[in-house]
Amino acid sequence: GDRAAALSQPTVRPCTSTTDRRAALHALGIAPIAGTVLAARPRPAAARAEWTWATADDAAATWTVTKRQQSSVRIRPETMLVAADEATKREVKLLKVPLGRGAATSFAPDEQIELSRFFSSKQDAERIGAARIAAIFQRSLERQASSPTSPLLGVTVDAATAVAQTRRGRRYVVIDYETDGCRRVDEDGACVGRAKRAASTVITVSLESQARTLEEQRRMDRGELEERYIDTLWLFTASAPVATSSKKGAAAAAPPSSSLRDVGSTFEVLD
């Protein structure tokens with residue numbers, strides 16, 4: 001249809017930045033979810049950090065990092081960061097999910113297009129709105145909670161409180177929610193412990209190279225291979241147990257959403 005017609009247009013002019021590439025694609029009416037080819041000038045072949053998170057800004061916590069991967073060239077979902085603060089029982093996880101077939105189990109094709117457009121176009125962002133992104137996110141969590149042992153059971157997202165932010169020119173959406181899922185599984189795979197958790201997720205989308213290996217990326221950087229790009233979803237989630245009251249029958253009180261939002265406030269995807 002329209003997308004196929006757009007793809008038949010002449011080759012995009014050389015671009016020197018992610019912003020230039022994305023702008024050129026949208027000038028042609030193309031949402032670059034996967035496989036978009038661009039004629040780009042070679043970049044230096046050097047490993048670079050794709051994201052940053054300033055833990056030093058959280059003076060009240062001592063984070064134990066069990067995984068921290070600063071970059072990835074593999075076109076598949078990756079866990080880039082896992083950290084925990086034992087004193088407050090807070091946990092942090094960063095997921096990098098290339099849109100397209102790899103994200104099909106969590107996001108429908110039309111949802112992926114909306115995500116791409118929201119984060120790449122100011123006009124589309126104003127039209128779609130942060131609440132719509134929160135609704136798409138909730139449906140994704142619900143699809144992942146199909147198992148009775150899932151930690152995402154009982155997810156409730158307050159879409160009305162979703163907030164769009166801009167950090168160094170990049171758009172993010174912050175979404176707060178709660179879960180009542182399984183936290184412990186016995187040797188037979190049965191859930192033996194459920195727990196309510198409050199969470200805050202920071203979402204953004206970036207345009208990433210579609211190189212399958214580091215060597216392939218280096219060849220693209222040298223201009224030996226044409227560069228291909230894919231829209232990639234980033235999800236930075238901070239969570240904590242919902243505090244239980246010491247008084248019998250009293251309602252549980254979740255930690256302030258602002259405290260979890262603060263954890264993710266220094267997360268940024270780098271160009």
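Because only heavy atoms are used, hydrogens play no part in the values below, and waters and symmetry mates are left out as well, while side chains stay in.
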If you measure from [atom1] on [X] to [atom2] on [Y], what distance do you get to the nearest 0.5 Å?
X      : Y      : atom1 : atom2 : answer
Ile175 : Leu235 : CD1   : CG    : 8.5 Å
Leu81  : Gln70  : CG    : CD    : 8.5 Å
Glu50  : Gln69  : CD    : CD    : 8.5 Å
Trp234 : Arg170 : CH2   : CZ    : 9.0 Å
Leu94  : Trp51  : CG    : CH2   : 5.5 Å
Asp176 : Ser239 : CG    : OG    : 12.0 Å

Got [X] and [Y] here, is their nearest side-chain heavy-atom distance under 4.5 Å?
X      : Y      : result
Asp231 : Phe119 : no
Arg132 : Glu114 : yes
Val65  : Lys67  : no
Trp63  : Arg90  : yes
Val202 : Val173 : no
Thr237 : Tyr177 : yes
Ser106 : Gln144 : yes
Val163 : Gln165 : yes

Check: Phe236 ring centroid to Tyr172 ring centroid under 6.0 Å: no
Phe267-Val82 co-clustered via ILVMFWY side chain contacts under 4.5 Å: no
For a quick test of reading the model, state the closest non-hydrogen atom pair linking [X] to [Y] and the distance between them.
X      : Y      : result
Ala145 : Leu153 : O-CD2, 3.2 Å
Phe118 : Ala130 : CE1-N, 3.9 Å
Ser120 : Arg171 : N-NH1, 4.2 Å
Ala49  : Leu270 : O-CD1, 3.6 Å
Val269 : Ser206 : CG1-CB, 4.0 Å
Arg143 : Thr105 : CD-O, 3.8 Å

Donor + acceptor pair across side chains of Asp262, Ser265 (<3.5 Å): no
Ser116 versus Gln112, side-chain donor and acceptor atoms under 3.5 Å: no
Would [X] and [Y] pass as an ion pair if we require N to O under 4.0 Å?
X      : Y      : value
Arg76  : Glu78  : yes
Asp271 : Arg168 : no
Arg139 : Glu111 : yes

What pairs of donor and acceptor atoms, side-chain ones from residues 154-162 against any protein atom, are under 3.5 angstrom apart with sequence neighbours left out?
unit_1 : atom_1 : unit_2 : atom_2 : d
Asp158 : OD1    : Ala160 : N      : 3.4
Thr161 : OG1    : Asp158 : O      : 2.8

Derivation of the side-chain contact (heavy atoms from CB on, under 4.5 Å) call for Leu115 and Arg117: CA-CA 6 Å; Leu115 287 168; Arg117 289 177 174 170; over 6 Å; no
Main-chain N/O of Ala190 paired to Asp186 side chain as donor or acceptor, under 3.5 Å: yes
Disulfide bond (SG atoms under 2.5 Å apart) partners of residues 130-199, not counting sequence neighbours, each pair once: Cys182-Cys191
Residue of the set Lys196, Arg194, Arg197 for which side-chain contact (heavy atoms from CB on, under 4.5 Å) holds with Thr179: Arg197
Residues Leu99, Thr232; criterion side-chain contact (heavy atoms from CB on, under 4.5 Å); working and verdict: CA-CA 6 Å; Leu99 295 180; Thr232 300; over 6 Å; no
Other residues, nucleotides, ligands: >12 heavy atoms within 6.0 Å of Arg101 CZ: no
